[in-house]
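Encoded as structure tokens, the structure appears first; notes follow it.
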Amino acid sequence: MEGSDKETAHNRYLTTADSPLTKRDLQNLLQEATAEIKAHTKAELNRQIQSLKADLEALSHRTDHAEAKLTKLADTTSSHSQDITYLHGKLAALEEEIEDLNNRSRRNNIRVRGLPETVTNDQLQASLTDLFNTLLPEATQHDLAMDRAHRALRPLALNPDTPRDVIVRMHRFPIKEQLVRQARQNPPTFQQQTIALYQDLAPSTLKKRRDLRQLTNTLNHHSIRYMWGHPFKLLVRRENQTHILSNAAEMIPFAESLGLTLLPLQPNRPPGPRGRRQEPISHSPRRTPRKRAPPRPQDGSPQRH
């Protein structure tokens with residue numbers, strides 16, 4: 001129907017030789033074309049706007065869903081962070097408790113350093129008894145009873161001057177304490193070798209003490225006495241106040257609280273291969289040995305390669 005109306009309007013303005021188009025006819029044609037274009041444009045714009053509205057509504061829904069999900073994830077992450085902090089503290093407390101139990105299980109142990117490797121395992125207890133008698137002459141055989149004695153569980157050193165330590169478990173704790181105290185005041189000797197006695201400690205405790213070596217060297221340099229506590233801590237008595245340090249990360253402010261400046265650590269000379277000390281490197285040129293020609297066969301036959 002619409003097509004026929006357009007065709008009728010068009011035919012109404014067809015030119016003939018007898019009736020040419022007038023200015024009014026052209027204006028009418030222009031108005032009709034303009035109205036048609038406006039209607040078509042408006043319909044197309046309405047369709048595009050409706051499509052954009054649908055897309056924006058879908059995007060808004062997805063954005064709301066994403067924001068809700070991100071909020072939930074942020075809450076979950078915050079909760080996990082708190083849990084991790086709590087568990088980290090619990091783990092540190094458990095490690096400290098295990099370390100303390102480990103050290104308590106070693107409280108009757110003595111680490112004997114310097115006993116020559118010539119003393120075999122069968123001779124350990126007898127040799128140690130003679131050594132301990134020099135420290136505590138009044139002690140009886142019953143007082144010096146040992147539960148066990150053995151070498152440290154590590155390979156033999158290539159240098160015979162560095163024998164493995166001997167770990168001794170004394171049956172009586174007071175006797176152990178007296179032996180260590182006497183050896184600190186008057187170091188004994190065995191076969192012209194100076195022997196040192198130490199408290200046997202857990203490897204983790206020894207590492208913590210090594211981490212504080214710069215502080216302990218500074219304290220020794222200033223003749224400031226200190227002592228170790230259990231669980232692990234360093235106690236310094238200065239000006240009628242007890243200062244306690246349990247974390248190596250706080251070593252610098254701890255020294256400043258004592259009015260001290262940490263002394264630099266002296267670097268240890270690195271050992272060479274297999275525990276030997278490195279020799280100075282020579283920069284003099286080395287002669288490259290000449291390759292000798294292979295001997296000729298005695299029978300004159302050609303040599304095979």
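The structure presented is a predicted model; accordingly, all values stated were derived computationally and were not measured. The residues of the chain are indexed from 1 along the displayed sequence.
- Scanning all heavy atoms of the two residues, the minimum distance from Pro116 to Gln191 falls at CG-OE1, 3.8 Å.
- Both Met170 and Ile195 sit in one connected hydrophobic cluster of ILVMFWY residues. Membership requires side-chain heavy atoms under 4.5 Å apart, directly or through other members.
- When all heavy atoms are compared, the tightest approach of Gly229 to Leu235 is N-CD1, 3.6 Å.
- For the pair Ile175 and Phe132, the minimum side-chain heavy-atom distance is 4.5 Å or more.
- Under the 4.5 Å side-chain contact rule for hydrophobic residues, Leu135 and Leu115 share a cluster.
- By the 4.5 Å heavy-atom criterion applied to side chains, Glu96 and Phe232 are not counted as neighbours.
- For the pair Val112/Ile167, no side-chain contact is recorded, criterion being any heavy-atom separation below 4.5 Å from C-beta on.
- Taken together through direct or relayed side-chain contacts under 4.5 Å among Ile, Leu, Val, Met, Phe, Trp and Tyr, Leu179 and Leu124 form part of one hydrophobic cluster.
- Contact check for Leu258 versus Leu219: side-chain heavy atoms found under the 4.5 Å cut-off.
- Note that the OG1 atom of Thr216 and the CE atom of Met251 stand 9.0 Å from one another [nearest 0.5 Å].
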Determine, stepwise, if the pair His171 / Asp147 fulfils side chain to side chain donor-acceptor pair (under 3.5 Å). CA-CA 6 Å; His171 188 72; Asp147 294 339; 2.9 Å; yes
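- Side-chain contact of Glu44 with Gln48: a donor-acceptor pair under 3.5 Å is present, judged by distance alone.
- For the pair Ser51 (side chain) and Arg47 (backbone), a donor-acceptor distance under 3.5 Å is absent.
- Taking 4.5 Å as the limit, every side-chain heavy atom of His61 sits out of range of all side-chain heavy atoms of Asp64.
- Expressed to the nearest 0.5 Å, how far OG1 of Thr218 lies from CG of Leu262 amounts to 4.5 Å.
- Here the CD atom belonging to Glu117 is positioned 4.0 Å from the CZ atom belonging to Arg151, to the nearest 0.5 angstrom.
- Listed for the Asp165 side chain is no donor-acceptor partner under 3.5 Å among the backbone atoms of Arg111.
- A donor-acceptor contact closer than 3.5 angstrom links the side chains of Thr140 and Asp143.
- Taking hydrophobic clusters as Ile, Leu, Val, Met, Phe, Trp and Tyr residues chained together by side-chain heavy-atom distances below 4.5 Å, Ile110 shares a cluster with Val119.
- Contact check for Arg113 versus Tyr198: side-chain heavy atoms found under the 4.5 Å cut-off.
- Interatomic distance, Lys23 NZ to Leu26 CG, rounded to the nearest 0.5 Å: 9.5 Å.
- Under 3.5 Å, the side chains of Arg107 and Asn103 contain no donor-acceptor pair of N or O atoms.
- Annotation: side chain of Val236 is not in contact with side chain of Arg225 (no heavy-atom distance under 4.5 Å).
- The one candidate from Arg213, Lys207, Lys208 that meets the side chain to side chain donor-acceptor pair (under 3.5 Å) condition with Asp211 is Lys207.
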Working note: Arg169 + Met146, criterion side-chain contact (heavy atoms from CB on, under 4.5 Å); need CA distance, chi angles, decisive distance, verdict. CA-CA 6 Å; Arg169 179 174 179 82; Met146 308 174 200; over 6 Å; no
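- Surrounding CD of Gln192 are at most 12 heavy atoms belonging to other residues, nucleotides or ligands under 6.0 Å away.
- Looking only at atom types and distance, the side chain of Thr22 has a donor-acceptor partner in the side chain of Asp25 under 3.5 Å away.
- Heavy atoms of other residues, nucleotides or ligands lying less than 6.0 angstrom from OH of Tyr86 number 12 at most.
- Using modelled atom types and a 3.5 Å distance limit, the side chains of Thr205 and Glu99 yield a donor-acceptor pair.
- Minimum heavy-atom separation, Asp200 to Arg106: OD2-NH1, 3.1 Å.
- Residues Pro163 and Gly114 come closest through the heavy atom pair CG-C, 3.9 Å.
- Side chain of Asn102 to main chain of Ile98: no donor-acceptor pair is present (N/O by atom type, distance under 3.5 Å, no hydrogens or angles).
- Taken from NE2 in His80 to CG in Asp75, the straight-line distance is 11.0 Å, to the nearest 0.5 Å.
- Counting only distance, with no hydrogens or angles, the side chain of Asn28 and the backbone of Arg24 share a donor-acceptor pair below 3.5 Å.
- One hydrophobic cluster, built from ILVMFWY side chains closer than 4.5 Å, cannot hold both Leu206 and Leu215; they sit in different ones.
- Using modelled atom types, one side-chain atom of Gln214 and one backbone atom of Leu263 make a donor-acceptor pair closer than 3.5 Å.
- Counting heavy-atom neighbours within 6.0 Å of Arg104 CZ, excluding the residue itself, gives a total of 12 or less.
- Here the shortest heavy-atom pairing between Leu212 and Leu245 reads CD2-CD2, 3.8 Å.
- Remark: Leu52 CG to Glu57 CD distance equals 11.5 Å, nearest 0.5 Å.
- For the pair Ser60 (side chain) and Leu56 (backbone), a donor-acceptor distance under 3.5 Å is absent.
- When atom types are taken as modelled, the side chain of Thr134 and the backbone of Leu131 share a donor-acceptor pair closer than 3.5 angstrom.
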Please lay out, stage by stage, how Leu234 and Ile244 fare under the test side-chain contact (heavy atoms from CB on, under 4.5 Å). CA-CA 6 Å; Leu234 177 70; Ile244 301 176; over 6 Å; no
For a side-chain contact (heavy atoms from CB on, under 4.5 Å) check, start with the C-alpha distance between Gln199 and Lys176, then their side-chain angles and the critical distance, and finish with the verdict. CA-CA 9 Å; Gln199 170 66 49; Lys176 188 271 297 186; 2.4 Å; yes
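- Counting non-hydrogen atoms of other residues, nucleotides and ligands closer than 6.0 Å to CG of Leu101 gives a total above 12.
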side-chain contact (heavy atoms from CB on, under 4.5 Å) for Leu197 and Arg184? Distances and angles first, verdict last. CA-CA 7 Å; Leu197 272 61; Arg184 188 182 299 115; over 6 Å; no
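- Within the 3.5 Å criterion, the main-chain N or O of Ala74 finds no donor-acceptor partner in the side chain of Ser78.
- For the pair Gln241 and His243, the minimum side-chain heavy-atom distance is below 4.5 Å.
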